[in-house]
Participant: 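First the structure, which I've put down as structure tokens, then a few questions once you've had a look.
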2 protein chains.
Amino acid sequence: MIRGDGGKTLRAILDQICNKWTLLIVATLEQGTLRFSDLHHRIPGISQRMLTLTLRNLERDGLVSRTIYAEVPPRVEYALTPIGESLIPPALALASWAIDHVPQIEENRTRFLYDRR
Amino acid sequence: MIRGDGGKTLRAILDQICNKWTLLIVATLEQGTLRFSDLHHRIPGISQRMLTLTLRNLERDGLVSRTIYAEVPPRVEYALTPIGESLIPPALALASWAIDHVPQIEENRTRFLYDRR
DNA sequence: CCGAATCCTCATGGATACTG
DNA sequence: CAGTATCCATGAGGATTCGG
């Protein structure tokens, strides 16, 4: 069953994981450690603000580690923790499902619009 | 890789799947056909409005079928289509991950708050 | 380079009341 | 029973500016 408690905390955490950017960031960090600017231009469309906020949440939840190097210019590197890495398989499973079914879903949507008068 | 195109359509579909209620509704329909009121009280916390809206989106995308019986009182039954059923495994994988890691994540959050001054 | 802070907009979503 | 319609609060998220 999908609900362990009343569903409160679970749904809260699912919302946290399943938001607009989290899965993409985790999937991008699968390749290994990346610094802020790398992430910024590897994830098209994300704003600096949302990248910062999402990384903070992931750090707070212990899914991502943040390492600061006191250099000039500054360098900050992000990497997945073991818990973060354990999220990779289910995240990729969902992403793969979406990729596999994008054409079918798009066809369904257009047909749905056409069938309604 | 997680991005098939520029990431536009994929991210749109992921947003659609990964919203506040979709996964819960799909997981609830795994058990079989259910009517509106059944869904309503099996998913604690959902409003009538959001249940209707989310079901419409799922119907539009072809993940859920909607059957109306011309009776008094009216009866409407919802069921997963084959595509909808194919979403069950990755959805449950993600839900299971969340369930398994809720305690650890909650501990990380409280420690994060405590460590910051 | 890496962010924090501010402002602003718009979608999400809850509460309520009404219909067939 | 199964919605639709309306109003309204909240927060996600983009653009921009400033700081270390």
Side-chain angles (χ1 to χ4, degrees), chain A residues 6-8 11-26 28-29 33-61 64-79 109 112 116-117, chain B residues 6-8 10-25 28-29 33-61 64-79 112-113 116-117:
Chain A
K8 287 201 325 295
R11 202 161 58 239
I13 302 236
L14 261 185
D15 285 359
Q16 186 66 36
I17 300 304
C18 253
N19 61 27
K20 188 163 184 169
W21 301 113
T22 302
L23 283 184
L24 279 176
I25 291 180
V26 169
T28 304
L29 281 175
T33 302
L34 287 175
R35 49 194 301 187
F36 187 86
S37 48
D38 290 332
L39 281 168
H40 198 5
H41 77 263
R42 282 193 200 215
I43 303 181
I46 196 171
S47 65
Q48 194 184 43
R49 171 189 153 88
M50 290 319 295
L51 181 54
T52 301
L53 285 180
T54 310
L55 283 172
R56 285 298 168 280
N57 286 334
L58 287 170
E59 186 193 1
R60 179 200 56 180
D61 292 351
V64 157
S65 67
R66 178 163 172 261
T67 312
I68 309 175
Y69 297 89
E71 304 174 351
V72 179
R75 181 162 58 104
V76 180
E77 289 188 342
Y78 295 90
R109 286 188 184 180
F112 189 79
R116 289 163 67 103
R117 70 216 124 284
Chain B
K8 287 200 325 294
L10 172 60
R11 202 162 57 240
I13 301 231
L14 261 184
D15 286 358
Q16 186 66 36
I17 300 305
C18 256
N19 62 25
K20 188 165 186 170
W21 300 112
T22 301
L23 282 185
L24 278 178
I25 291 181
T28 304
L29 282 176
T33 301
L34 287 176
R35 46 196 300 185
F36 187 87
S37 49
D38 290 332
L39 281 168
H40 197 5
H41 78 262
R42 283 194 200 215
I43 302 179
I46 196 171
S47 65
Q48 195 184 40
R49 171 189 151 89
M50 291 319 295
L51 181 54
T52 300
L53 285 179
T54 311
L55 284 172
R56 287 295 169 282
N57 287 334
L58 287 171
E59 187 195 358
R60 179 199 56 182
D61 291 352
V64 157
S65 67
R66 179 165 173 260
T67 312
I68 308 175
Y69 296 89
E71 302 173 354
V72 179
R75 182 162 57 103
V76 180
E77 290 188 344
Y78 295 90
F112 190 79
L113 288 175
R116 289 162 69 101
R117 70 216 121 281

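The model shown is predicted, which means the values in this text are computed figures rather than measured ones. Reminder, nothing fancy here: chain letters follow the sequence lines and each chain counts from 1.
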Participant: At a heavy-atom distance below 4.0 Å, which nucleotide of DNA chain D is the first touched by chain B, and which is the last?
Facilitator: D/dC1 to D/dT6
Participant: Rounded to whole Å, how long is the line connecting atom CG of B/Leu51 with atom C1' of C/dG13?
Facilitator: 13 Å
Participant: About how many Å separate CG of B/Asp61 and CZ of A/Phe112, when rounded to the nearest 0.5 Å?
Facilitator: 9.0 Å
Participant: Supply the atom-to-atom distance B/Asn57 CG to B/Ile17 CD1, rounded to the nearest 0.5 angstrom.
Facilitator: 9.5 Å
Participant: Just the table, please: protein N/O against nucleotides 2-6 of chain C N/O, every pair under 3.5 Å.
Facilitator:
{"from": "C/dC2", "atom 1": "OP1", "to": "A/Arg35", "atom 2": "NE", "distance (Å)": "3.0"}
{"from": "C/dC2", "atom 1": "OP1", "to": "A/Arg35", "atom 2": "NH2", "distance (Å)": "3.3"}
{"from": "C/dC2", "atom 1": "OP2", "to": "A/Ser37", "atom 2": "N", "distance (Å)": "3.0"}
{"from": "C/dC2", "atom 1": "OP2", "to": "A/Ser37", "atom 2": "OG", "distance (Å)": "2.8"}
{"from": "C/dG3", "atom 1": "OP1", "to": "A/Arg56", "atom 2": "NH2", "distance (Å)": "3.3"}
{"from": "C/dG3", "atom 1": "OP1", "to": "A/Arg66", "atom 2": "NE", "distance (Å)": "3.2"}
{"from": "C/dG3", "atom 1": "OP1", "to": "A/Arg66", "atom 2": "NH2", "distance (Å)": "2.6"}
{"from": "C/dG3", "atom 1": "OP1", "to": "A/Tyr78", "atom 2": "OH", "distance (Å)": "3.4"}
{"from": "C/dG3", "atom 1": "OP2", "to": "A/Tyr78", "atom 2": "OH", "distance (Å)": "2.5"}
{"from": "C/dG3", "atom 1": "N7", "to": "A/Gln48", "atom 2": "OE1", "distance (Å)": "3.2"}
{"from": "C/dG3", "atom 1": "N7", "to": "A/Gln48", "atom 2": "NE2", "distance (Å)": "2.6"}
{"from": "C/dA4", "atom 1": "OP1", "to": "A/Arg56", "atom 2": "NH2", "distance (Å)": "3.3"}
{"from": "C/dA4", "atom 1": "N6", "to": "A/Gln48", "atom 2": "OE1", "distance (Å)": "3.4"}
{"from": "C/dT6", "atom 1": "O4", "to": "A/Arg49", "atom 2": "NH1", "distance (Å)": "3.4"}

Participant: Answer whether the closest heavy-atom distance between the side chains of A/Val26 and A/Val64 falls below 4.5 Å.
Facilitator: no
Participant: Kindly give the heavy-atom pair with the smallest separation between A/Ser37 and A/His41, and that separation in Å.
Facilitator: O-ND1, 3.0 Å
Participant: In this structure, how many angstroms lie between the C1' atom of C/dA15 and the CG atom of B/Leu53, rounded?
Facilitator: 14 Å
Participant: How long is the straight-line distance from OG1 of A/Thr28 back to NE2 of A/His40, given to the nearest 0.5 Å?
Facilitator: 13.0 Å
Participant: State which residues pass side chain to side chain contact (heavy atoms under 4.5 Å, CB included) with A/Ser65; sequence neighbours excluded, sorted by chain then number.
Facilitator: A/Ala79, A/Thr81
Participant: Please give, in whole Å, the distance from C/dC8 C1' to A/Met50 CE?
Facilitator: 15 Å
Participant: What pairs of donor and acceptor atoms, side-chain ones from residues 18-25 of chain B against any protein atom, are under 3.5 angstrom apart with sequence neighbours left out?
Facilitator:
{"from": "B/Asn19", "atom 1": "OD1", "to": "B/Trp21", "atom 2": "N", "distance (Å)": "3.1"}
{"from": "B/Asn19", "atom 1": "OD1", "to": "B/Thr22", "atom 2": "N", "distance (Å)": "2.8"}
{"from": "B/Asn19", "atom 1": "OD1", "to": "B/Thr22", "atom 2": "OG1", "distance (Å)": "2.5"}
{"from": "B/Asn19", "atom 1": "ND2", "to": "B/Gln16", "atom 2": "O", "distance (Å)": "3.1"}
{"from": "B/Asn19", "atom 1": "ND2", "to": "B/Thr22", "atom 2": "OG1", "distance (Å)": "3.0"}
{"from": "B/Thr22", "atom 1": "OG1", "to": "B/Gln16", "atom 2": "O", "distance (Å)": "3.2"}

Participant: Taking only residues two or more places apart in sequence or in another chain, which ones pass side chain to side chain contact (heavy atoms under 4.5 Å, CB included) with B/Leu53?
Facilitator: B/Arg49, B/Met50
Participant: With sequence neighbours excluded, tell me which residues meet salt bridge (Lys or Arg N to Asp or Glu O under 4.0 Å) with B/Arg75.
Facilitator: B/Glu71, B/Glu77
Participant: Would you mind reading off the bend of the helix from C/dC1-D/dG20 to C/dG20-D/dC1 from its two end axes, five pairs each, to 10 degrees?
Facilitator: 40°
Participant: Nearest whole angstrom, please: distance from the P of C/dG14 to the CD1 of B/Ile43.
Facilitator: 12 Å
Participant: Please identify each residue that fulfils side chain to side chain contact (heavy atoms under 4.5 Å, CB included) with B/Arg66, with sequence neighbours left out.
Facilitator: B/Arg56, B/Glu59, B/Ile68, B/Val76, B/Tyr78
